[in-house]
Amino acid sequence: MKRLIVLGASILLTISVQAQTEEELKEQQAPKKAEIAKLQGEVNSLQAQIDALPGWKYGAFGTIGGNFSKFNDWYSQRAPNVSSGNIGITGNAFANKLEEKYFWRNSLSVNLGWVKFDEEGEEEEGFQEATDVFNVSSLYGYKLTDKIAVSALGEYRTTILNNFNDPGYLDLGVGATWTPIPNLIVVVHPLNYNFVFSSGDSVFESSLGAKIVADYTRQIGKIAFKSNLSAFQSYESSDLSNFTWINSFGYKLWNQIGVGFEFGLRGNRQEAVNFANNNLLAVDPAATTFEVGDSAVDNKIQSYYLLGLTYAF
């Protein structure tokens, strides 16, 4: 009994000493955390001042995602012998020149993806193109005030893995740019021509309309995100209008490496009708027109997402 009492007392004493030690260490840790937070705030403030200085500013970050699998004699699924995989790559880069009286903002966005699903006994197709997005833009503005500028924009969008420039979209327009806060840019160009390039007889048409672009880019500590909305409203017909909205997020884990997520939405009725022409004609010939009614093409919202590793330059 005496041994049990001594053993219990020893355990309680050990727990008490450990608790005291943990509390003491936490007390020592707290002011150091506060000091780190203060220093990080000063670093962020200095970085904001650096970003506001005139001259060229460059940056780039990207995401790589992928997975691969192979099943041999896995009888619980319909196809027991299958190899599959997908690879996705995104890249975002900018080169901005900011001066007291004018600015020149240039950006490049690329998203490429490949998928494969090969079943034993069937013809192997290997990796095929999936996501295919290429976008480059250049915005020049002359400042009337600190927040408002007259501006001109050129933006080009297409695919590069397949059907390059078929279709391709080139927007050229003039109007105004509003910068309410340093990280947000809103472009409104009521005079814009949307050139559409395509080969052969197709449903794609160029038209005059209004261009609206909203871009928000921000980095807070280890978190970086970018949201870009590019929309064209045709004056001729809503069937010729389109929009693309892409959101990118990145969290830095170690050095320049982290995890990233990108999500994109697009609405384009011309692309929907063209897809119907190429793929659904044998099923329903009437479903390849812009006409309103039961036979009209359903202009569904296009979307994609990618989750993977990121690298910031």
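All of these numbers come straight from a predicted model, not from anything done at the bench. By convention here, the first residue in the shown sequence is residue 1.
For Arg157, the side chain to side chain donor-acceptor pair (under 3.5 Å) test picks out Glu155, Asp171, Asn242, with sequence neighbours left out. Shown here are the side-chain contact (heavy atoms from CB on, under 4.5 Å) partners of Tyr305, two or more places apart in sequence or in another chain: Phe261, Phe263. Here Phe134 pairs with nothing under the ring-ring contact (aromatic ring centres under 6.0 Å, His included) rule; sequence neighbours left out. With sequence neighbours excluded, the residues forming a ring-ring contact (aromatic ring centres under 6.0 Å, His included) with Tyr102 are Tyr140, listed by chain and number. In this view, Tyr216 and Ile181, Asn183, Leu184, Arg218, Phe225 satisfy the side-chain contact (heavy atoms from CB on, under 4.5 Å) rule, not counting sequence neighbours.
No close placement of the Tyr251 and Phe249 rings is indicated, their centers lying 6.0 Å or farther apart.
Residues Phe197 and Leu161 are members of one and the same hydrophobic cluster, defined by side-chain heavy-atom contacts under 4.5 angstrom among Ile, Leu, Val, Met, Phe, Trp and Tyr. The hydrophobic clustering, which links ILVMFWY residues whose side-chain heavy atoms are closer than 4.5 Å, places Leu191 and Leu172 together. Val174 is connected to Leu170 through a chain of hydrophobic side-chain contacts under 4.5 Å among Ile, Leu, Val, Met, Phe, Trp and Tyr, so both are in one cluster. A continuous path of hydrophobic side-chain contacts links Leu265 to Leu229 [ILVMFWY only; heavy atoms under 4.5 Å]. Cluster membership check: Ile185 does not share its hydrophobic cluster with Phe94, using side-chain heavy-atom separations under 4.5 Å among Ile, Leu, Val, Met, Phe, Trp and Tyr.
Nearest heavy-atom pair, Val188 versus Pro190, reported as atom, atom and distance to 0.1 Å: O-CD, 3.5 Å. Smallest separation of non-hydrogen atoms from Ser207 and Glu236: CB-OE1, 3.8 Å. In plain terms, the two heavy atoms of Thr177 and Ser151 that are nearest each other are OG1-OG, 2.7 Å. Ala210 and Tyr235 make their closest contact through CB-OH, 3.6 Å (heavy atoms, listed as atom of the first residue, atom of the second, distance). The minimum heavy-atom distance between Ser241 and Ser234, with the atom names listed, is OG-N, 3.0 Å. Residues Ala176 and His189 come closest through the heavy atom pair N-CD2, 3.5 Å.
Under the side chain to side chain donor-acceptor pair (under 3.5 Å) rule, Tyr169 has a single partner from Asn268, Thr158, Asn194, which is Asn268.
The line from CG of Leu240 to CD of Gln270 is 5.0 Å long, rounded to the nearest 0.5 Å. Residue Asn96 holds its CG atom at 10.0 Å from NZ of Lys57, rounded to the nearest 0.5 Å. The OG atom of Ser109 lies 4.5 Å from the CD1 atom of Ile246; values are rounded to the nearest 0.5 Å. Rounded to the nearest 0.5 Å, atoms CD1 (Ile301) and CZ (Arg266) are 11.0 Å apart.
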Q.
For Glu262 and Tyr304: C-alpha separation, side-chain torsions, deciding distance, then whether side chain to side chain contact (heavy atoms under 4.5 Å, CB included) applies.
A. CA-CA 8 Å; Glu262 181 165 301; Tyr304 75 84; 2.7 Å; yes
Between Phe243 and Gln233, is the side chain to side chain contact (heavy atoms under 4.5 Å, CB included) condition met? List the steps. CA-CA 9 Å; Phe243 78 88; Gln233 179 62 50; over 6 Å; no
* To do: Report the C-alpha distance between Ser230 and Thr244 in whole Å, list the side-chain angles of each, state the deciding distance to 0.1 Å, and finish with yes or no for side chain to side chain donor-acceptor pair (under 3.5 Å).
  => CA-CA 5 Å; Ser230 177; Thr244 302; over 6 Å; no
Exercise for review: Evaluate side chain to side chain contact (heavy atoms under 4.5 Å, CB included) for Leu108 paired with Asn92, printing each intermediate quantity in order.
Suggested key: CA-CA 6 Å; Leu108 170 68; Asn92 295 276; over 6 Å; no
| request: Apply the test side chain to side chain contact (heavy atoms under 4.5 Å, CB included) to residues Leu153 and Asn192: give CA-CA distance (whole Å), side-chain angles for both, the deciding distance (0.1 Å), then the verdict. | output: CA-CA 9 Å; Leu153 171 70; Asn192 182 94; 5.5 Å; no
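Sorted by first and then second residue, the ring-ring contact (aromatic ring centres under 6.0 Å, His included) pairs involving residues 141-165 (not counting sequence neighbours) form an empty list.
A donor-acceptor pair under 3.5 Å is absent between the side-chain atoms of Lys143 and the main chain of Phe103, judged by distance alone. Of the possible polar contacts, none joining the Ser227 side chain to the Asn247 backbone as a donor-acceptor pair under 3.5 Å is found.
Taking a 6.0 Å sphere around CD of Glu100, one finds it holds 12 or fewer heavy atoms contributed by other residues, nucleotides or ligands. For Lys147, the NZ atom sits in a loose shell: 12 or fewer heavy atoms of surrounding residues, nucleotides or ligands are nearer than 6.0 Å. Counting non-hydrogen atoms of neighbouring residues, nucleotides and ligands closer than 6.0 angstrom, the CH2 atom of Trp114 exceeds 12 such neighbours.
Residues Asn106 and Ser138 bring a donor and an acceptor atom of their side chains to less than 3.5 Å of each other.
With contacts defined as side-chain heavy-atom distances shorter than 4.5 Å, the pair Glu205/Val196 does not qualify. When side chains are defined from C-beta on, Asp215 does not count as touching Arg105, because their heavy atoms never get closer than 4.5 Å.
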